Amino acid sequence: MNKVSFRQLTATEYDALFAIVSQIKEHGARELTLTFDDIKHLIRWDKSKSDERFIRVLSGMYDKIISLKFDRISDDGNIITKFVVFSKYSINKTKQEATVAVSPDFWDLFNLLFDNFTTFMLDDLVYLSTSYGKELFRNIKQFRTTGHLYWSIQEFRKKLVVPKSFTNGKAFQRIFGPTTIKQLKTAIPGFEYVKRYSSHKGRPVIGVDFYWHAEEFNEDYLKRNSPKKDYVKEELLKKSTKKFSRSKHNIPLKKIGK
């Protein structure tokens with residue numbers, strides 16, 4: 001599961017996918033219908049943008065997700081089973097709602113892939129403004145109790161879908177821009193990265209170590225309180241000064257911080 005990358009999604013498509021995922025997880029349902037307002041609320045959608053643009057985001061997200069390849073190989077290697085994430089994806093323009101169903105064969109893997117991803121965690125994800133930052137956040141949260149993650153330079157480039165035309169230097173410059181670093185440090189307390197260099201001539205970069213403040217095992221993420229949460233909330237509110245209407249589903253959003 002850690003090999004899966006969603007970096008081909010735009011930042012807004014990324015938010016839309018994980019907004020839907022968070023609701024499927026919280027409702028524990030393989031099929032779920034969400035109104036446009038539900039999703040817009042969760043991703044802090046700019047209400048000045050048209051519904052047609054929003055529909056293009058939902059549609060574009062699905063077109064890219066359906067192309068992802070998931071498979072399971074039996075212990076003896078004889079059986080290879082292929083899966084798609086969603087067995088149903090319907091956008092109703094008139095009713096302004098989207099219906100999503102997770103493939104029954106994929107359900108167990110779905111729960112592993114999005115383990116413990118909640119609406120509350122979505123606030124941090126939406127706060128991150130680049131797809132690079134979002135993908136790093138998702139990967140680090142899979143190892144949140146360890147405080148450390150190492151990627152070889154090959155893994156780093158593959159997981160973040162770094163263009164082949166980018167040198168390693170340009171890749172680090174593009175991925176770890178000032179805004180992304182600031183946001184990652186806010187969303188992931190203690191975040192920092194350190195390049196590993198080869199001892200050979202020229203000392204090329206051979207990998208990257210990521211560090212952060214490890215969370216205690218089985219810590220309840222929803223009960224965490226820290227000053228950074230208030231900052232995240234302030235930054236998110238800057239993106240949308242208008243109140244979002246509550247939908248008929250009345251999705252309970254968790255408070256950020258106290």
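The shown structure was predicted, so the numbers you read here are calculated from the model rather than taken from an experiment. Only heavy atoms go into these numbers, but all of them, side chains included; no hydrogens, no water, no symmetry mates.
- The closest side-chain donor-acceptor pair between Thr99 and Ser90, if any, does not fall under 3.5 angstrom.
- A salt bridge does not link Asp124 to Arg138: none of the charged nitrogens lies less than 4.0 Å from a carboxylate oxygen.
- You'll find the side chain of Tyr132 reaches within 4.5 Å of the side chain of Arg174, heavy atoms only.
- The minimum heavy-atom distance between Val126 and Leu42, with the atom names listed, is CG2-O, 3.7 Å.
- Ring-centre distance between Phe176 and Tyr193: below the 6.0 Å cut-off.
- With Tyr150 as the aromatic partner, Arg196 meets the cation-pi criteria of under 6.0 angstrom to the ring centre and within 45 degrees of the ring axis.
- The cationic group of Lys195 lies under 6.0 Å from the six-membered ring centre of Phe172 and within 45° of the ring axis, placing it in a cation-pi geometry.
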Practice task
Check the pair Leu34 / Ile39 against side chain to side chain contact (heavy atoms under 4.5 Å, CB included), numbers first and verdict last.
Solution key: CA-CA 7 Å; Leu34 300 170; Ile39 302 171; 4.1 Å; yes
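- Between Phe54 and Phe36, a ring centre-to-centre spacing shorter than 6.0 Å is recorded.
- A salt bridge is absent between Arg56 and Glu13: the closest approach of a Lys/Arg side-chain nitrogen to an acidic carboxylate oxygen does not fall below 4.0 angstrom.
- Looking at heavy atoms from C-beta onward, Ile140 lies in side-chain contact with Phe191 at the 4.5 angstrom threshold.
- Judged by distance alone, the side chains of Thr35 and Asp37 never bring a donor and an acceptor atom under 3.5 Å apart.
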Practice task
With side chain to side chain contact (heavy atoms under 4.5 Å, CB included) as the test, would you mind laying out the steps for Val21 and Phe110 before giving the verdict?
Solution key: CA-CA 9 Å; Val21 165; Phe110 177 91; 4.2 Å; yes
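- The existence of a salt bridge linking Asp15 and Arg44 is excluded, since no basic side-chain nitrogen approaches an acidic carboxylate oxygen closer than 4.0 Å.
- The minimum heavy-atom distance linking Tyr127 with Gln183 is given by the pair CE2-O, 3.5 Å.
- A donor-acceptor pair under 3.5 Å links the side-chain atoms of Lys134 to the main chain of Leu128, judged by distance alone.
- Environment of CG in Asp75: sparse, with no more than 12 heavy atoms of neighbouring residues, nucleotides or ligands closer than 6.0 Å.
- Atom CD of Gln173 is surrounded by 12 or fewer heavy atoms from other residues, nucleotides or ligands within 6.0 Å.
- Two residues are said to be in side-chain contact when any heavy atoms from C-beta on lie closer than 4.5 Å; Val102 and Ile24 meet this criterion.
- Considering every non-hydrogen atom in both Thr94 and Asn92, the closest pair reads N-OD1, 3.0 Å.
- A cation-pi arrangement, defined by a distance under 6.0 Å to the six-membered ring centre and an angle within 45 degrees of its axis, is present between Lys49 and Trp45.
- With contacts defined as side-chain heavy-atom distances shorter than 4.5 Å, the pair Ser129/Thr179 qualifies.
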Practice task
Apply the test side-chain hydrogen bond (donor to acceptor under 3.5 Å, both in side chains) to residues Glu135 and Tyr14: give CA-CA distance (whole Å), side-chain angles for both, the deciding distance (0.1 Å), then the verdict.
Solution key: CA-CA 9 Å; Glu135 190 67 4; Tyr14 208 114; 2.4 Å; yes
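- Between Phe18 and Phe6, the ring center distance clears the sub-6.0 Å criterion.
- Ring planes of Phe83 and Phe106: tilted class, angle from 30 to 60°.
- No donor-acceptor distance shorter than 3.5 angstrom exists from the side chain of Ser59 to the backbone of Ile55, with no hydrogens or angles considered.
- Counting heavy atoms from C-beta on, the side chains of Ile91 and Tyr62 never come closer than 4.5 Å.
- Between Arg7 and Ser131, the side chains place a donor N or O and an acceptor N or O closer than 3.5 Å (distance only, hydrogens not considered).
- Side-chain atoms of Tyr89 come within 3.5 Å of backbone N or O of Leu58 as a donor-acceptor pair.
- Only one option out of Val208, Val162, Thr180 pairs with Ile175 in a side chain to side chain contact (heavy atoms under 4.5 Å, CB included); it is Val162.
- The heavy-atom pair separating Arg203 from Tyr197 by the smallest distance is O-CD2, 3.2 Å.
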